[in-house]
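For reference, the structure discussed in these notes is given below.
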Amino acid sequence: MTDTSTDAPPAGEMGYEQARDELIAVVRRLEAGGSTLEESLALWERGEELAAVCRRWLEGARARLDAVLAEGGEDAADEAADEEGPADGRE
């Protein structure tokens with residue numbers, strides 16, 4: 001049986017898709033059973049590392065989206081105000 005923790009790069013150096021794909025493989029191996037307790041624990045630990053990598057990537061993506069949406073929300077409000085004319089209704 002191949003040990004994913006030695007074949008793969010350190011979890012911290014992985015991109016989201018690579019970490020996600022390896023996490024899926026780890027889960028499948030755990031679900032299939034047939035591993036020793038030691039192997040299962042090593043897989044579980046690797047899975048936890050990979051899940052943390054995925055979580056960090058997703059949190060970073062959410063923060064970037066929130067920043068863009070917040071910026072876009074301000075722009076949309078400014079555009080709407082410009083289209084309506086001055087706040088007192090006079091032009």
Side-chain angles (χ1 to χ4, degrees):
M1 175 149 91
T2 306
D3 183 0
T4 58
S5 63
T6 57
D7 292 346
E13 296 176 10
M14 299 175 95
Y16 173 78
E17 289 81 5
Q18 187 179 12
R20 180 204 58 212
D21 292 346
E22 186 181 338
L23 179 57
I24 291 168
V26 165
V27 169
R28 286 185 179 146
R29 287 178 61 190
L30 284 168
E31 288 177 340
S35 300
T36 66
L37 178 59
E38 186 175 326
E39 291 169 335
S40 294
L41 287 173
L43 285 168
W44 181 270
E45 290 170 349
R46 180 64 175 176
E48 289 291 331
E49 290 175 1
L50 295 166
V53 169
C54 291
R55 194 174 310 112
R56 282 192 301 271
W57 276 103
L58 292 172
E59 287 169 355
R62 178 176 293 273
R64 289 174 59 191
L65 285 171
D66 288 346
V68 168
L69 291 174
E71 183 178 299
E74 292 172 10
D75 292 343
D78 291 344
E79 288 176 19
D82 290 343
E83 290 174 5
E84 293 174 5
D88 62 4
R90 289 183 281 159
E91 295 199 27

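These numbers were taken from a predicted model, which means no experiment stands behind them. In what follows, residues are counted from 1 in the order of the sequence shown.
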Next item on the list: Hey, could you give me the CZ/CG distance between Arg62 and Leu69, rounded to the nearest 0.5 Å?
Entry: 10.0 Å
Note to self: If we ignore hydrogens and angles and just use 3.5 Å, is the side chain of Glu39 paired with the main-chain N or O of Thr36 as donor and acceptor?
What the structure shows: yes
Per-pair distances, 0.1 Å, donor-acceptor, side chain in residues 47-60, under 3.5 Å, sequence neighbours excluded:
residue : atom : partner : partner atom : Å
Glu49   : OE1  : Arg46   : NH1          : 3.4
Trp57   : NE1  : Met14   : O            : 3.1

Check: Sequence neighbours excluded, which residues qualify as side-chain contact (heavy atoms from CB on, under 4.5 Å) partners of Leu41?
Finding: Leu37
Checklist line | Side-chain cluster (under 4.5 Å, hydrophobic types only) that Ile24 belongs to, other residues | finding: none
Item checked: Where Ser40 and Leu30 come nearest, the two heavy atoms and their spacing -> O-CD2, 3.7 Å
